[in-house]
Structure formats: C-alpha cells, structure tokens
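Numbers here simply count residues along the sequence, with the first being 1. What you see below is based on every heavy atom in this structure, not just the backbone, and it leaves out hydrogens, waters and symmetry mates.
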Amino acid sequence: QVQPVESGGGLVQAGESLRLSCVASGSIFSFEVMGWYRQAPGKQRELVATITNGGSTNYADSVKGRFTISRDNAKNTVYLQMNSLKPEDTAVYYCNLEVVMGPDYWGQGTQVTVSS
C-alpha cells in the first residue's frame, strides 16, 4: 500500500507564496501521473495541476502563470510551487499518484489558507 503524505500548507496573505510537497515514502512504484487537487468549503474536489513521467504538465486555468508543478522521481516526490496566492486559492490540497494499470493513491490533504 502506498500512502502519500503532503506538507507545506499554511496561512499566508494574498500575494505571498507556498511550496507544497508530497512524498510516497519508500515506494518503488513508478508513477505515470502525479498531480494536485484541491477542495474548498462547499465545493467539489477539482484538479489543480498534473505532471506525467515524461514531464508534460497541465494546469487549471485559474492557476496558470502562478503555480508550477514538478517532480523528483528519485525521491518519489511531487511539488507544487504556488506564487501570487489569492483568497480563492484557499482549500485543502490533495496529492494524487497514478500507477499504470493500477489504482490511484491519495494523500490526507494539507490546508492552504490565503487571507485578503
């Protein structure tokens, strides 16, 4: 069983930055896609950004130009650099790891709160 663990969330003011990390400690899996999702109060979970094993990235329109996703396969880690944060970015952010021909793995989530 793979258990991703997120870290790096917190409380910041609008315009500031945070860097989220998600690690599948000790995993030997090669993940086809690593991504970040978020869920704000009263809303459904939504995709924020994904990155494939080939380095291709995809971003939600709301975060393009502000967020950057990256991965370190040797460390089984995916990152989300979040710049120019806005109050509407406030949500619980979840890490998602996808194995080819296998299940997805989800983290417990980390809270990001952006004050105005």
Side-chain angles (χ1 to χ4, degrees):
Q1 179 63 222
V2 175
Q3 179 59 64
V5 179
E6 302 99 334
S7 62
L11 173 63
V12 298
Q13 294 183 345
E16 296 182 342
S17 299
L18 284 172
R19 189 192 192 210
L20 306 183
S21 300
C22 172
V23 59
S25 299
S27 177
I28 63 171
F29 291 100
S30 178
F31 299 108
E32 176 68 20
V33 181
M34 309 176 82
W36 290 94
Y37 292 70
R38 67 187 181 187
Q39 186 168 22
K43 299 183 65 177
Q44 294 291 107
R45 190 174 298 185
E46 65 177 352
L47 185 147
V48 176
T50 60
I51 183 167
T52 70
N53 60 1
S56 296
T57 58
N58 184 56
Y59 297 93
D61 288 341
S62 59
V63 307
K64 286 180 179 178
R66 300 189 297 120
F67 291 9
T68 302
I69 189 171
S70 60
R71 61 191 286 171
D72 185 337
N73 291 333
K75 296 181 178 179
N76 296 320
T77 302
V78 60
Y79 306 94
L80 186 68
Q81 178 67 45
M82 305 185 294
N83 297 328
S84 302
L85 282 162
K86 305 175 180 179
E88 48 263 47
D89 295 318
T90 296
V92 177
Y93 283 70
Y94 297 91
C95 175
N96 175 257
L97 310 176
E98 179 181 331
V99 181
V100 175
M101 299 295 292
D104 286 16
Y105 299 94
W106 291 90
Q108 298 280 84
T110 185
Q111 177 71 48
V112 172
T113 303
V114 184
S115 63
S116 60

Out of curiosity, does [Y] fall in the hydrophobic cluster containing [X] (side-chain heavy atoms, cut-off under 4.5 Å, transitive links)?
X: V99; Y: V78; result: yes
X: V92; Y: V48; result: no
X: Y79; Y: F67; result: no
X: L97; Y: Y59; result: yes

Rounded to the nearest 0.5 Å, how far apart are [atom1] of [X] and [atom2] of [Y]?
X: N76; Y: F31; atom1: CG; atom2: CZ; answer: 6.0 Å
X: Q44; Y: R38; atom1: CD; atom2: CZ; answer: 14.5 Å
X: M34; Y: E98; atom1: CE; atom2: CD; answer: 11.5 Å
X: W106; Y: D104; atom1: CH2; atom2: CG; answer: 7.0 Å

Quick one: closest heavy-atom pair of [X] and [Y], and the distance?
X: P87; Y: S116; value: CG-CB, 3.9 Å
X: R66; Y: L85; value: NH1-CA, 3.9 Å
X: V2; Y: A24; value: CG1-CB, 3.7 Å

Decide side-chain contact (heavy atoms from CB on, under 4.5 Å) for W36 and N96; before the verdict, give the C-alpha distance in whole Å, the side-chain angles of both, and the deciding distance to 0.1 Å. CA-CA 6 Å; W36 290 94; N96 175 257; over 6 Å; no

Short question: side chain of E6, backbone of C95 - any donor-acceptor pair under 3.5 Å?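 A pair under 3.5 Å: yes.
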
Any sub-3.5 Å donor-acceptor pair from T110's side-chain atoms to Y93's backbone N or O?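 No; zero donor-acceptor contacts below 3.5 Å.
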
Go through the steps to decide whether D89 and M82 satisfy the test side-chain contact (heavy atoms from CB on, under 4.5 Å), and finish with yes or no. CA-CA 9 Å; D89 295 318; M82 305 185 294; over 6 Å; no

Name the one of I69, I51, V63 that satisfies side chain to side chain contact (heavy atoms under 4.5 Å, CB included) with L80?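 Among I69, I51, V63, the one meeting side chain to side chain contact (heavy atoms under 4.5 Å, CB included) with L80 is I69.
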
Decide if atom CD of E88 counts as having more than 12 heavy atoms of other residues, nucleotides or ligands within a radius under 6.0 Å.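 More than 12 heavy atoms, drawn from other residues, nucleotides or ligands, come within 6.0 Å of this atom.
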
Contacts table for residues 15-23: side-chain donor-acceptor under 3.5 angstrom, sequence neighbours left out:
from	atom 1	to	atom 2	distance (Å)
E16	OE1	Q13	N	3.0
S17	OG	N83	OD1	2.9

Is there a side-chain contact between N58 and L47 (heavy atoms, below 4.5 Å)?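 Heavy-atom side-chain distance check passes, below 4.5 Å.
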
Evaluation steps, side-chain contact (heavy atoms from CB on, under 4.5 Å), between R71 and N53: CA-CA 9 Å; R71 61 191 286 171; N53 60 1; 4.2 Å; yes

